[in-house]
Amino acid sequence: MSKGLPKRSEDYSLWYNELVKRADLAENSPVRGCMVIKPYGYSIWEKMQAELDRMFKETGHSNAYFPLFIPKSFLSKEASHVEGFAKECAVVTHYRLKNAEDGSGVIVDPEAKLEEELIVRPTSETVIWSTYKNWIQSYRDLPLLVNQWANVVRWEMRTRLFLRTTEFLWQEGHTAHATSDEAMAETVQMMNIYAQFSEEFMALPVVKGKKTESERFAGADETLCIEALMQDGKALQAGTSHFLGQNFAKAFEVKFATKEGGLEYVWGTSWGVSTRLMGALIMAHSDDNGLVLPPKLAPFQVVIVPIYRGEEELAMISVKVKEIMAELRKAGISVKYDDRDTQKPGWKFAEYELKGVPVRIALGPRDLENKTLEIARRDTLTKESFQWEEMPIAQKIGGLLDEIQEGIYQKAFDFRKDNTTEVNSWEEFKQVLEEKAGFLSAHWDGTPETEEKIKELTKATIRCIPLDQLPEQGVCVYSGKPSSGRVLFAKAY
RNA sequence: CGGGGUGUAGCGUAGCCCGGUAUCGCGCCACAUUUGGGAUGUGGAGGUCGUAGGUUCGAAUCCUGCCACCCCGACCA
């Protein structure tokens with residue numbers, strides 16, 4: 001284990017990459033653009049999954065599973081959908097290998113060419129809607145509320161651990177409804193769930209908004225999103241919820257008999273969050289000492305490190321530690337006891353700081369004598385001495401965990417607030433973007449042309465039109481044409 | 001995919017310009033002393049120098065192709 005992480009201020013990208021690897025979250029694999037998610041990283045993802053899954057089920061959704069492969073012809077049924085994804089699809093053309101005659105290894109058997117190529121799903125709308133055609137006949141079959149946890153593949157040009165990998169893990173919800181209003185309500189509901197998850201569990205404040213036409217999902221009539229701000233001033237799209245209108249229903253002929261006896265196309269939504277959330281979590285809170293994890297998603301919330309000389313002392317300390325662990329676990333607090341004698345305490349302290357464990361307890365002979373514990377918190381890197389009699393340990397730690405969860409949220413919230421700037425002129429726009437970055441709240445004339453021009457000139461894109469946008473008469477920061485409200489610009493991941 | 005950079009032990013590196021089979025640190029193994037913020041000493045193991053060719057008596061070093069990774073761009077969850 002090498003010491004010292006690169007500094008965020010010196011090289012943010014390098015810091016991020018090194019952090020991901022050194023904190024044992026993930027590493028690159030032999031396959032280009034694909035990562036190996038390591039046990040510690042995966043257990044954070046599992047925590048995210050568990051909470052999201054619970055929230056989906058509480059809102060009436062059920063999980064199902066659809067195939068990895070999609071017939072090529074399916075993809076082209078929805079015109080804008082194929083246009084959006086065609087450039088990044090992995091294609092299966094053969095189903096068999098054979099030994100090369102010259103003994104050089106295995107080769108693709110040219111005899112085993114598929115009649116119709118299969119696409120490795122970049123997203124599952126097409127295969128799911130082709131299935132929904134058989135599931136939906138009547139208004140009694142609606143709404144259909146399905147989610148799937150899956151892997152998808154998008155052949156991206158440039159990849160980054162968690163933020164953009166060729167294969168990634170996600171969930172994709174796909175729902176079908178009898179009315180436009182109901183589908184739109186579902187779209188909004190899921191965006192709200194994502195926002196709630198992000199703020200409550202990831203301790204990451206997000207802006208809820210809708211995408212401009214050009215940033216919309218391929219095949220959607222409306223895309224809602226949550227946008228978060230990272231420590232380097234770049235925005236990250238953390239989740240999207242799409243109102244699909246009747247686009248996929250029309251493409252796959254999914255109609256239902258109405259109560260009144262008519263025959264209508266159903267209305268659809270789809271929504272997803274991915275392992276990219278891991279990237280957001282890492283970049284939002286961590287510091288130059290390593291990861292900082294919100295207690296609600298940490299694989300374990302508390303680590304106990306014994307300080308001892310010899311077996312005898314360790315045995316005495318362990319008795320007290322077991323007692324503490326039982327109390328903490330009873331209170332629903334996850335705790336790890338690291339009594340390995342292969343590493344020294346100082347080494348362990350540094351290790352758990354790197355891994356972002358929210359609370360560390362150290363217990364040595366001095367503590368046994370004085371009836372104290374040393375409690376250190378990861379977010380502030382402060383330590384305190386705690387008297388056993390002061391209050392029940394579970395109450396103490398429970399309170400501290402809440403405080404940390406709240407503290408890192410507040411810190412991220414303040415950061416975003418300090419890095420959201422209202423700009424009113426083109427000069428100001430360019431200057432703030434250059435010198436400060438972050439979110440820029442500015443008037444926009446509503447045209448794709450202006451949006452495109454601004455992107456071309458500054459690399460900044462419209463992250464979203466915030467849902468809480470206030471009506472305000474102004475002029476577009478670039479074109480000078482009238483505008484009725486501010487939108488959020490930023491450079492994005 | 002365009003521009004730039006880097007590939008030498010598990011990790012980080014020296015050597016490359018000026019060819020003669022590899023340096024140092026961390027980590028790893030053994031033993032001893034250690035254990036309240038990344039311990040110390042002694043001994044030891046570990047390398048087809050990214051890969052495939054070429055030049056040469058001889059290639060980590062020179063030449064060509066390929067691959068991977070990183071950074072910047074275009075694209076994207």
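To find a chain, count down the sequence lines: A is the first, B the second, and so on, and within it residues start at 1.
- Aromatic rings from A:His61 and A:Trp271 are positioned such that their centres are separated by under 6.0 Å.
- Remark: B:rU64 base-pairs with B:rA52; criterion is Watson-Crick or G-U wobble with both hydrogen-bond distances under 3.5 Å.
- Nucleotides B:rG53 and B:rU61 are separated by 14 Å at their P atoms, to the nearest Å.
- Pairing of B:rA45, defined by two Watson-Crick or G-U wobble distances under 3.5 Å, is not identified with any nucleotide.
- A:Lys72 is linked by a side chain to side chain contact (heavy atoms under 4.5 Å, CB included) to A:Glu116, A:Glu117, A:Ile119, counting only residues two or more places apart in sequence or in another chain.
- Side chains of A:Asn289 and A:Arg378: no donor on one and acceptor on the other come within 3.5 Å.
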Once each nucleotide of nucleotides 72-77 of chain B is scored for protein heavy atoms under 4.0 Å, what B/S/- sequence comes out, 5' to 3'? BBBBBB
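- No hydrogens or angles considered: a donor-acceptor pair under 3.5 Å links the side chains of A:Tyr493 and A:Asp232.
- Mapping A:Gly364 and A:Leu14 onto RNA chain B by nearest heavy atom places A:Gly364 at the nucleotide closer to the 5' end.
- Side-chain atoms of A:Gln387 and A:Thr372 include no donor-acceptor pair closer than 3.5 Å.
- Using the Watson-Crick or G-U wobble rule with both distances under 3.5 Å, B:rG36 pairs with nothing in any strand shown.
- Using C1' as the reference atom, B:rU13 and B:rG7 are 12 Å apart when rounded to the nearest Å.
- Classified by interplanar angle (parallel below 30°, tilted 30° to 60°, perpendicular above 60°), the ring pair A:Phe489/A:Phe429 is perpendicular.
- Regarding A:Arg340, its CZ atom lies at a distance of 13 Å from the C1' atom of B:rG38, rounded to whole Å.
- Going from atom CH2 of A:Trp347 over to atom P of B:rA39 covers 10 Å, rounded to whole Å.
- Looking at A:Met48 and A:Leu297, their side chains come closer than 4.5 Å, going by heavy atoms from C-beta outward.
- The OH atom of A:Tyr352 sits 13 Å away from the C1' atom of B:rG38 (whole-angstrom rounding).
- Residues forming a side-chain hydrogen bond (donor to acceptor under 3.5 Å, both in side chains) with A:Glu51 (at least two apart in sequence, or on another chain): A:Arg54.
- When both distances must be under 3.5 Å, the Watson-Crick or G-U wobble mate of B:rA14 does not exist.
- For the P atoms, the distance linking B:rG54 with B:rG41 amounts to 48 Å, nearest Å.
- Nucleic acid contact class of A:Arg360 (heavy atoms, under 4.0 Å, all strands): base.
- Only the P atoms considered, B:rA74 is 23 Å distant from B:rA68, to the nearest whole Å.
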Would you tabulate the pairs of protein nitrogen or oxygen atoms and nucleotide nitrogen or oxygen atoms of nucleotides 28-34 of chain B closer than 3.5 angstrom?
none

For nucleotides 66-69 of chain B, list the nitrogen or oxygen atoms of the protein found under 3.5 Å from its nitrogen or oxygen atoms, one pair per line.
| unit_1 | atom_1 | unit_2 | atom_2 | d |
| --- | --- | --- | --- | --- |
| B:rA68 | OP1 | A:Arg32 | NH1 | 3.4 |
| B:rA68 | OP2 | A:Arg32 | NH1 | 3.1 |
| B:rC69 | OP1 | A:Gly33 | N | 3.3 |

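- The CZ atom of A:Arg366 sits 13 Å away from the C1' atom of B:rU35 (whole-angstrom rounding).
- In this structure, A:Lys453 forms no cation-pi arrangement with A:Tyr478, as its terminal cationic atom is not both closer than 6.0 Å to the ring centre and no more than 45° off the ring axis.
- For the P atoms, the distance linking B:rU64 with B:rU6 amounts to 15 Å, nearest Å.
- Against the 90° criterion about 0, the sugar-base torsion of B:rU55 places it in the anti range.
- Distance noted for atom P between B:rG15 and B:rU23: 14 Å (whole Å).
- For B:rC1, the paired base is B:rG73 (Watson-Crick or G-U wobble, both distances below 3.5 Å).
- When Watson-Crick and G-U wobble pairs are counted only if both distances are under 3.5 Å, B:rU23 pairs with no nucleotide at all.
- In this structure, A:Phe168 and A:Trp170 have perpendicular ring planes: the angle between them is above 60°, well past the 30° mark.
- Taking atom P in both B:rG65 and B:rG4, one finds a spacing of 14 Å when rounded to whole Å.
- In this structure, A:Glu313 places its CD atom 9 Å from C1' of B:rU35, rounding to the nearest Å.
- Going from the C1' atom of B:rC63 to that of B:rC24 covers 31 Å, rounded to whole Å.
- Between A:Val302 and A:Val357 the shortest side-chain heavy-atom distance does not fall below 4.5 Å.
- For the pair A:Thr166/A:Glu88, no side-chain contact is recorded, criterion being any heavy-atom separation below 4.5 Å from C-beta on.
- Sequence order on RNA chain B of the closest nucleotides to A:Glu374 and A:Asp11 puts A:Glu374 first from the 5' end.
- Scored by the side-chain hydrogen bond (donor to acceptor under 3.5 Å, both in side chains) test, A:Trp45 finds no partners at all (sequence neighbours excluded).
- When the C1' atom of B:rG36 is taken as reference, atom CD1 of A:Ile304 falls 16 Å away, rounded to whole Å.
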